[in-house]
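Here, residue 1 is the first one in the sequence, and each next residue gets the next number. Side chains included, hydrogens not; waters and symmetry mates left out as well; all remaining heavy atoms used. The structure displayed is predicted, hence computed values, not measured ones.
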Amino acid sequence: ELNGGFIKNYGVTLVIDNSISCLNPLTAEHTMQTIRIFLSSMSSSDLPCFDLIITGEKNPIVVCSEMSTSTALDDKSDIWGTIYSLLLPPKMKTDLASAINAALEINNLRRIDCTNLIFVITDGLFSQLDQKIIKEKIMICENKDINVYGIGVGISPRGIENLFNQVIFSQNP
């Protein structure tokens with residue numbers, strides 16, 4: 001895009017599921033490595049709008065909103081300590097649907113017009129009722145032309161295939 005004279009005009013929202021199933025002793029290393037690799041690639045992209053949301057037991061935590069990736073993910077940024085303090089210790093149960101809804105609201109309130117993408121780092125292990133609510137939120141996002149990607153973490157993140165139309169998983173991020 002840059003070589004063609006275009007400007008990178010993307011709004012990227014990252015939602016991190018900090019449930020015990022994503023961050024238990026068997027899966028924590030893979031999850032943290034996936035988060036680090038994702039954030040590292042975002043920091044080198046220099047995008048104008050970046051949001052970071054971490055799930056909570058009831059309400060999500062918006063770590064940053066509408067910041068450029070060069071500012072939010074700078075090596076000296078306070079965001080790194082905040083991320084690790086919010087992820088550890090993991091929560092027994094998280095509300096991923098409310099975090100996706102928060103991402104949708106942030107995208108709806110953007111001050112600049114851009115292509116919006118939501119990436120959700122999770123293993124997808126939720127009850128059938130929670131899966132139904134999460135799928136509804138994702139469908140609302142997609143109906144508003146927001147691409148939503150599920151990034152699988154853990155030993156066997158088969159649950160993401162039930163939630164997202166577009167999924168990514170690598171055993172070695």
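When the side chains of ILVMFWY residues are joined at heavy-atom separations under 4.5 Å, either directly or via intervening members, Ile35 and Leu47 end up in a single hydrophobic cluster. Ile106 and Ile61 fall into different hydrophobic clusters, defined by Ile, Leu, Val, Met, Phe, Trp and Tyr side-chain heavy atoms under 4.5 Å apart, directly or through other members. In the hydrophobic cluster analysis, where Ile, Leu, Val, Met, Phe, Trp and Tyr join through side-chain heavy atoms closer than 4.5 angstrom, Val62 is grouped apart from Leu73. Ile37 and Ile160 fall into different hydrophobic clusters, where Ile, Leu, Val, Met, Phe, Trp and Tyr side chains are chained together by heavy-atom contacts under 4.5 Å. Ile100 and Leu52 fall into different hydrophobic clusters, where Ile, Leu, Val, Met, Phe, Trp and Tyr side chains are chained together by heavy-atom contacts under 4.5 Å.
In this structure, Ile133 and Ala97 approach most closely via the heavy-atom pair CG2-CB, 3.5 Å. Closest approach of Thr13 and Ala103 over heavy atoms only: CG2-CB, 3.6 Å. Scanning both residues, Asn9 and Pro48, for their nearest heavy atoms gives OD1-CG, 4.1 Å. Between Ile118 and Cys141, the shortest heavy-atom distance links the atoms CD1-SG, 3.9 Å. Taking each heavy atom of Ser21 and Thr27 in turn, the nearest pair found is O-OG1, 3.3 Å. Summarising the geometry of Leu104 relative to Ile140, their closest heavy-atom pair is CD2-CG2, 3.4 Å, with the distance given to 0.1 Å.
In this structure, Val153 and His30 have side chains that are in contact, with non-hydrogen atoms separated by less than 4.5 Å. Side-chain contact between Leu14 and Ile53 is absent, with no heavy-atom pair separated by less than 4.5 Å. Side chains of Asn59 and Asp95 form no contact here, defined as non-hydrogen atoms less than 4.5 Å apart. No side-chain heavy atom of Thr71 sits less than 4.5 Å from a side-chain heavy atom of Phe50. In this structure, Phe169 and Pro157 have side chains that are in contact, with non-hydrogen atoms separated by less than 4.5 Å. Residues Lys137 and Leu96 have side chains not in contact (no heavy-atom distance under 4.5 Å, counting atoms from C-beta outward). At a threshold of 4.5 Å between non-hydrogen side-chain atoms, the residues Val148 and Gln166 do not count as touching. Annotation: side chain of Arg110 is in contact with side chain of Cys49 (closest heavy-atom distance under 4.5 Å).
In terms of modelled atom types and a separation under 3.5 Å, the side chain of Ser77 and the main chain of Ile79 share a donor-acceptor contact. Side chain of Thr55 to main chain of Ala99: no donor-acceptor pair is present (N/O by atom type, distance under 3.5 Å, no hydrogens or angles). Judged purely by atom type and a 3.5 angstrom limit, Asp130 has no side-chain atom pairing as donor or acceptor with the backbone of Phe126. Between the side chain of Thr115 and the backbone N or O of Tyr10 there is no donor-acceptor pair closer than 3.5 Å. Between the side chain of Ser45 and the main chain of Thr69, no donor-acceptor pair closer than 3.5 Å is present.
If you take CZ on Phe164 and NZ on Lys135, they are separated by 11.0 Å, rounding to the nearest 0.5 Å. Between Cys114 atom SG and Asn107 atom CG the span is 7.5 Å, to the nearest 0.5 Å. One distance of note links OG of Ser127 with NZ of Lys132; it measures 11.5 Å at 0.5 Å rounding. Note that CG of Asp123 is 7.5 Å distant from OG1 of Thr31, once rounded to the nearest 0.5 Å. Atoms CE and CD1, on Met139 and Ile134 in that order, are 13.0 Å from each other to the nearest 0.5 Å. Here CG of Leu117 is found 5.5 Å from CG of Asn147. Values are rounded to the nearest 0.5 Å.
Close placement of the Phe38 and Phe119 rings is indicated, their centers lying within 6.0 Å of each other.
Heavy-atom neighbours of Asn143 CG from other residues, nucleotides or ligands within 6.0 Å: above the threshold of 12. The number of heavy atoms from other shown groups lying within 6.0 Å of CG (Asn24) is above 12.
Just one residue in the list Leu87, Thr34, Val63, Thr94 forms a side chain to side chain contact (heavy atoms under 4.5 Å, CB included) with Ile16, and that residue is Leu87.
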**Request:** Begin from the C-alpha positions of Thr122 and Cys22 and carry the test side-chain contact (heavy atoms from CB on, under 4.5 Å) through to its verdict.
**Result:** CA-CA 7 Å; Thr122 185; Cys22 293; 4.2 Å; yes

**Request:** I would like to know whether Val15 and Ile121 meet side-chain contact (heavy atoms from CB on, under 4.5 Å); could you show each step before the answer?
**Result:** CA-CA 6 Å; Val15 176; Ile121 295 179; over 6 Å; no

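Under a 4.0 Å N-O distance rule, the pair Lys91/Asp17 does not qualify as a salt bridge.
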